[in-house]
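Note that these values count all heavy atoms, side chains included, but never hydrogens, waters or copies made by symmetry. All values derive from a computational prediction rather than experimental measurement.
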Amino acid sequence: MTILGADPGASGGLALLSLDGRVLEVVKMPLTPKALVLTISAFVVEYPVIVVTQEHVWTSPQMGVVSAGTFMRNVGRLETAFAVFGLPVSLVTPVKWQRAMGLVRPKTPFGTKDKNINKALAASLFPGLTISHATADALLLAEYGRQLIIMEAHEHGEEERGST
């Protein structure tokens, strides 16, 4: 099984991890629908059992109309591509996955969070890998999803042992 972390913004990325935590693929978010479909298609061919952890995002009042439209169009493209390939998607809010990964911190003056903290955590979890702002959150989302799968498998195994 592989876990695909998806940070859906145009400046986001996709990261694919094995269940044992190896980084299999990391890419900046493809900018066209065709490039996105080709990228996900290549992932599915190479790694047939993929589950997706996608950041559940929305527009904010600070975004301009054009930015908000572009952002949500990118989100829709990603969700459509996952649906076309039949990939199960778990949507998780930024607060939930960041808190679980230990990334809760105060906001900066304009309501944004310091992306360098995310990048530093991703670099510490995946040493030797070149981490960018575009790929850091995707890697952390994939790791969050991987940890959930392991935890659920462990809990399921505990329940089975307890019932015998």
Linked, directly or transitively: L19 and L141 (ILVMFWY side chains, under 4.5 Å)
no

Rounded to the nearest 0.5 Å, what separation is found between the CG atom of L16 and the CZ atom of R22?
10.5 Å

Please determine whether side-chain contact (heavy atoms from CB on, under 4.5 Å) holds for the pair F43 and V27, giving the CA-CA distance in whole Å, both sets of side-chain angles, and the decisive distance to 0.1 Å.
CA-CA 11 Å; F43 289 172; V27 297; 4.2 Å; yes

How long is the gap from NZ on K28 to OG on S11, to the nearest 0.5 Å?
9.0 Å

Could you tell me if the side chain of I50 sits less than 4.5 Å from the side chain of F85, heavy atoms only?
no

Could you measure the distance from the CD atom of E25 to the CD atom of E46? Nearest 0.5 Å is fine.
7.0 Å

According to a hydrophobic-cluster definition based on side-chain heavy atoms being under 4.5 Å apart (Ile, Leu, Val, Met, Phe, Trp, Tyr only), do L87 and I149 belong together?
no

Evaluate Q54 against V75 for side-chain contact (heavy atoms from CB on, under 4.5 Å), listing each step before the verdict.
CA-CA 10 Å; Q54 178 182 329; V75 170; 4.2 Å; yes

In Å and rounded to the nearest 0.5 Å, what is the CZ to CG distance from F82 to L36?
7.0 Å

Tell me, do T2 and L24 make a side-chain contact under 4.5 Å, heavy atoms counted?
yes

Hey, what do you get for CG (L121) to NZ (K119), rounding to the nearest 0.5 Å?
13.5 Å

Do V23 and W97 share a hydrophobic cluster (ILVMFWY, side-chain heavy atoms under 4.5 Å, transitive)?
yes

In the structure I gave you, are the side-chain heavy atoms of V84 and I40 within less than 4.5 Å of one another anywhere?
no

Between P8 and M29, which heavy-atom pair has the shortest distance, and what is it?
CA-CE, 3.8 Å

Taking I131's backbone N and O only, do any of them form a donor-acceptor pair with T135's side chain (distance below 3.5 Å, no angle check)?
no

Looking only at heavy atoms, which two atoms of A15 and A142 are closest? And how far apart?
O-CB, 3.6 Å

Working for side-chain contact (heavy atoms from CB on, under 4.5 Å), residues N116 and H133
CA-CA 8 Å; N116 288 322; H133 289 290; 2.9 Å; yes

Using the rule that two of Ile, Leu, Val, Met, Phe, Trp, Tyr join whenever any of their side-chain heavy atoms come within less than 4.5 Å, decide whether Y47 and I3 are in one cluster.
no

Measure the shortest side-chain to side-chain distance between L125 and M101 over non-hydrogen atoms and say whether it is less than 4.5 angstrom.
yes

Side-chain heavy atoms under 4.5 angstrom apart, residues restricted to Ile, Leu, Val, Met, Phe, Trp, Tyr: same cluster for V37 and V52?
yes

Where M1 and V51 come nearest, the two heavy atoms and their spacing
SD-CG2, 4.3 Å

Taking every non-hydrogen atom, the tightest pair across L4 and L14
CD1-CB, 4.0 Å

How many angstroms lie between CG in L139 and CG in N118, if you round to the nearest 0.5 Å?
11.0 Å

Between P33 and R77, the two heavy atoms sitting closest are CG-NE, 3.3 Å

Does atom CD1 (I150) have a neighbourhood of more than 12 heavy atoms from anything else shown, all under 6.0 Å?
yes

Shortest non-hydrogen contact between T53 and G145, atoms and distance:
OG1-CA, 3.2 Å

side-chain contact (heavy atoms from CB on, under 4.5 Å), that's the test. Do V92 and L148 meet it? Break it down for me.
CA-CA 12 Å; V92 60; L148 282 182; over 6 Å; no

Note, E79 side chain near L91 side chain (heavy atom, < 4.5 Å)
yes

